[in-house]
Novice: 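Questions regarding the structure given below will be posed in turn.
Numbers restart at 1 for each chain; the letters A, B, ... are given by sequence-line order, proteins then strands. Please read these numbers as outputs of a predicted model, since none were measured by experiment.
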Protein chains: 2
Amino acid sequence: MPKKRTNDTVSSVDVARLAGVSQAAVSRTYTPGASISEKMRQKVLAAAEQLGYQPNIIARSLSGKATRLIGIVMVKIGDPFYARILAAFSRKLQEHGYWSLLLNVNDDLGLEEALPQALQYQVDGIVLTSATLSSPIAARCAAMGVPVVMFNRYSLEVAVNSVGCDHAQGARDLADFLLKGGHRRMAYIAGEENSSTNQERERGFTEGLAAAGQRLFARESGDYSYAAGFDATGRLLARPERPDAIFCANDWMAIGAIDQARQSGLKVPEDLSVVGFDDAAMAAWPRYSLTTINQPIDKLVMAAVEVLVNAIESPTEDRVIKLIPGRLVVRNSARLPVGHKKSA
Amino acid sequence: MPKKRTNDTVSSVDVARLAGVSQAAVSRTYTPGASISEKMRQKVLAAAEQLGYQPNIIARSLSGKATRLIGIVMVKIGDPFYARILAAFSRKLQEHGYWSLLLNVNDDLGLEEALPQALQYQVDGIVLTSATLSSPIAARCAAMGVPVVMFNRYSLEVAVNSVGCDHAQGARDLADFLLKGGHRRMAYIAGEENSSTNQERERGFTEGLAAAGQRLFARESGDYSYAAGFDATGRLLARPERPDAIFCANDWMAIGAIDQARQSGLKVPEDLSVVGFDDAAMAAWPRYSLTTINQPIDKLVMAAVEVLVNAIESPTEDRVIKLIPGRLVVRNSARLPVGHKKSA
DNA sequence: GTGAAAGCGCTAACAG
DNA sequence: CTGTTAGCGCTTTCAC
């Protein structure tokens with residue numbers, strides 16, 4: 001039986017009594033714009049201090065104010081890359097005076113039940129990471145006037161804000177880079193097939209090849225994990241004719257690919273070029289020195305938070321979709337185009 | 001000017017009106033133990049469905065009920081290891097019907113201001129990860145009747161629950177293992193010097209050595225990062241006499257140490273044994289195959305959540321401190337004791 | 001069982 | 001400026 005909180009909670013009434021003023025005065029003391037004399041303010045503050053009073057945000061929000069709570073819906077919080085995103089979000093939101101209500105979701109099914117929960121907490125806004133919103137749910141958010149921003153996901157059908165990296169463009173840049181490097185047999189190792197991120201990256205890559213009259217030489221499927229990259233590369237290398245370059249849907253798989261290649265006696269990039277996507281921390285390690293696309297997490301998150309905060313603080317019907325370019329980071333896991341000068 | 005939420009929020013009154021019953025009836029419908037006829041229940045549910053009604057938890061909590069919100073205070077959310085901990089906490093808490101309010105803190109200073117914020121949200125409990133609570137703050141929590149559990153931190157002075165891995169014991173096991181392996185010149189690469197985790201691990205290790213009449217051969221300092229492990233090992237290897245085993249305060253540094261050793265032309269473990277702590281994901285990679293202590297994250301988190309939930313739901317003055325043993329995971333980065341049989 | 005009514009702690013008109 | 005007075009949406013006696 002969840003006992004009631006040890007009731008000695010001190011409320012504004014207690015403070016008012018001690019200070020010998022009205023309860024409203026206490027409220028005004030904690031309301032930025034309110035008109036109250038400095039003298040009274042001090043009296044209240046003194047009493048509050050003495051009692052250890054803290055305004056109750058919950059009660060405040062009940063009377064029509066914002067909760068300053070943002071629901072962050074996320075899958076795979078434990079994944080290092082997602083963790084960086086989450087860290088950036090919570091920090092950035094805190095800077096704007098918002099707090100994060102974390103919803104750890106397993107799959108798109110979990111989402112459908114998590115979101116109503118968040119809504120129950122009267123969140124002022126919702127960040128959706130790596131999950132796609134269904135129309136009916138989006139409609140409910142809209143009905144409650146709760147702005148939503150999707151991160152690294154887009155949906156043309158559902159009217160919802162979104163901010164993300166331009167995966168297709170990044171993949172196209174990678175294709176160009178490999179083409180210029182003289183590669184002719186390009187393979188792609190896919191991430192989870194139905195993730196939009198994977199689809200965008202593959203689309204961009206094949207488009208890039210197509211622009212030069214080329215096609216994918218081979219294709220394998222993985223699940224974004226190191227092991228998947230390792231194994232898929234094993235299959236690729238077992239072919240009668242080997243690819244001369246592999247684009248992995250993310251860095252983890254690319255790192256697995258490099259390890260596999262080396263274990264198979266191949267030199268990277270002399271015998272095989274490998275490129276990834278994300279620019280995870282490990283991509284910069286000397287051992288891998290992975291050529292990849294940097295997803296500017298801070299920039300992405302900042303943009304997403306700005307979109308959301310803006311939607312909260314000055315509501316509008318307009319919907320914004322923001323695509324932010326990634327940056328090609330040239331390291332040593334892929335053969336360089338002749339005459340290529342690496343930037344610092 | 002934070003506009004008021006588009007007011008069309010549907011409340012229990014609306015539902016009551018539609019259903020033609022009293023507002024109290026709809027409240028009872030959503031109160032598990034309440035006495036209400038099945039017939040009325042259905043009427044209410046139907047009306048609620050039609051209106052898209054969801055009880056407002058905020059309002060409910062105002063009238064003396066729990067918020068079912070747990071404040072999770074964390075530093076370095078972006079660190080892969082902490083990310084796993086956070087993921088485990090949010091999942092486990094959700095299983096118990098609690099939600100996580102994430103407080104991203106920079107240092108112990110940030111803590112002091114973050115906690116009052118959490119308290120404003122009337123959290124039912126607080127999880128403190130990798131941060132130590134000061135007495136005054138702990139007192140405030142206690143005054144508000146908000147239970148706290150510290151994770152992987154202990155403090156004898158401050159009366160607060162805590163759950164964590166038995167770092168000292170783990171380190172002692174490591175020392176024993178290395179001693180049995182015939183090592184005689186043991187070095188320690190410290191993590192952040194003032195982190196209690198680091199202190200415990202060092203203490204355990206030196207105690208383990210002392211029990212066999214040995215002392216630390218060398219000591220370097222790092223900050224838990226790959227680079228720090230790499231560099232510190234460089235310094236260690238530059239000595240006139242090299243250590244024959246290195247215990248790094250965590251796995252990341254151990255991995256850096258291995259890379260450094262190899263780059264210096266040493267074989268691991270033939271020329272140098274390296275052991276770490278945590279059992280991070282990468283420790284299992286064939287390239288490193290790191291002998292380390294597994295921190296049973298799920299078990300630790302489960303225990304912490306249980307302690308907290310218990311403290312919330314059946315308040316007591318008792319304070320519990322739980323130390324959970326880590327498990328020695330023998331891989332190939334350290335020379336084995338003669339006759340040692342590896343378990344699967 | 002069910003409804004009426006009194007708060008929970010705070011904000012926001014509204015009069016002085 | 002300051003105090004008074006309604007609520008915000010919900011739970012909970014208390015009668016019926």
Novice: Rounding to a whole Å, what distance do you find between A/Gln122:CD and C/dC10:P?
Specialist: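 About 18 Å, once rounded to whole Å.
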Novice: Strictly below 4.0 Å: does A/Ser37 bring a side-chain N or O up to OP1 or OP2 of D/dT2?
Specialist: yes
Novice: Return the value, rounded to whole Å, for the distance between atom NZ of B/Lys43 and atom C1' of C/dG3.
Specialist: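 Value for this atom pair: 13 Å.
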Novice: Nearest whole angstrom, please: distance from the C1' of C/dG9 to the CD of B/Gln120.
Specialist: 13 Å
Novice: Among the candidates C/dG9, D/dT2, C/dT2, find the nucleotide nearest to the side-chain atoms of A/Ser63.
Specialist: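 Given the options C/dG9, D/dT2, C/dT2, the side chain of A/Ser63 is closest to C/dG9.
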Novice: Would you say CD of A/Glu49 has more than 12 non-hydrogen atoms from neighbouring residues, nucleotides or ligands within 6.0 angstrom?
Specialist: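 Count not over threshold, so no.
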Novice: D/dG3 base to A/Arg28 side chain: any donor-acceptor pair below 3.5 Å?
Specialist: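 Flag set: donor-acceptor pair detected.
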Novice: Without decimals, in angstroms, what is the distance between A/Ile36 CD1 and C/dA12 P?
Specialist: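 Whole-Å distance recorded here is 14 Å.
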Novice: Pick the closest DNA chain D nucleotide for A/Met40 and for B/Gln54 by heavy atoms, then say which residue is nearer the 5' end.
Specialist: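 The residue closer to the strand's 5' end, by nearest nucleotide, is A/Met40.
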Novice: Need to verify one output field. Residue with the more 5' nearest nucleotide on DNA chain C, A/Gln23 or B/Ala59?
Specialist: B/Ala59
Novice: Contact class for A/Ala24 vs. all strands (heavy atom < 4.0 Å): base, sugar-phosphate, or nothing?
Specialist: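 The residue A/Ala24 makes base contact.
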Novice: Nearest to the side chain of A/Ser11, heavy atoms from C-beta on, is which of D/dT11, C/dT2, C/dC10?
Specialist: C/dC10
Novice: With respect to the phosphate group of D/dT12, does any side-chain polar atom (N or O) of B/Lys65 fall under 4.0 Å of OP1 or OP2?
Specialist: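 For D/dT12, OP1 or OP2 has a side-chain N or O of B/Lys65 closer than 4.0 Å.
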Novice: Atom CZ of B/Arg17 and atom P of C/dA4: how far apart are they, to the nearest Å?
Specialist: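 These atoms are roughly 13 Å apart.
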Novice: Taking atom NZ as the centre, does B/Lys76 end up with more than 12 heavy-atom neighbours from other residues, nucleotides or ligands that are less than 6.0 angstrom away?
Specialist: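 Above 12, so yes.
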Novice: So, do B/Phe151 and B/Leu300 sit near enough that their side-chain heavy atoms are less than 4.5 Å apart?
Specialist: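 Result yes, sub-4.5 Å side-chain heavy-atom pair found.
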Novice: How long is the line joining CG of B/Leu62 and P of D/dG7, in whole Å?
Specialist: 17 Å
Novice: Should B/Tyr30 be listed as having a side-chain N or O under 4.0 Å from OP1 or OP2 of D/dT12?
Specialist: no
Novice: I want to check one thing: is the phosphate of D/dT2, taken as OP1 and OP2, less than 4.0 Å away from some side-chain N or O of A/Ser22?
Specialist: no
Novice: Which of these passes side-chain contact (heavy atoms from CB on, under 4.5 Å) with A/Val73: A/Val148, A/Leu115, A/Leu102?
Specialist: A/Leu115
Novice: With the side chain of B/Thr31 defined as its heavy atoms from C-beta on, choose the nearest nucleotide among D/dG9, C/dC10, D/dT12.
Specialist: D/dT12
Novice: For the pair made of CZ in B/Arg60 and P in C/dC8, what is the distance, rounded to whole Å?
Specialist: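 After rounding, the gap between these two atoms is 19 Å.
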Novice: Side chains of A/Ser61 and A/Gln122, heavy atoms from C-beta outward: is any pair under 4.5 Å?
Specialist: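 A side-chain contact is absent here, since even the closest heavy-atom pair is not under 4.5 Å.
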Novice: Under a 4.5 Å cut-off applied to non-hydrogen side-chain atoms, are B/Ile312 and B/Leu308 in contact?
Specialist: yes
Novice: A/Ser35 near the nucleic acid: base, sugar-phosphate alone, or nothing, with a heavy-atom cut-off under 4.0 Å?
Specialist: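 It contacts base atoms.
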Novice: Measure CG/B/Leu119 against C1'/C/dG9 and give the value in whole Å, please.
Specialist: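 Rounding to the nearest Å, CG of B/Leu119 and C1' of C/dG9 are 16 Å apart.
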Novice: Of the nucleotides D/dT2, D/dC10, D/dG9, which one has an atom closest to the side chain of B/Thr9?
Specialist: D/dG9
Novice: Between A/Tyr121 and D/dG9, is there a side-chain N or O to OP1/OP2 distance below 4.0 Å?
Specialist: no
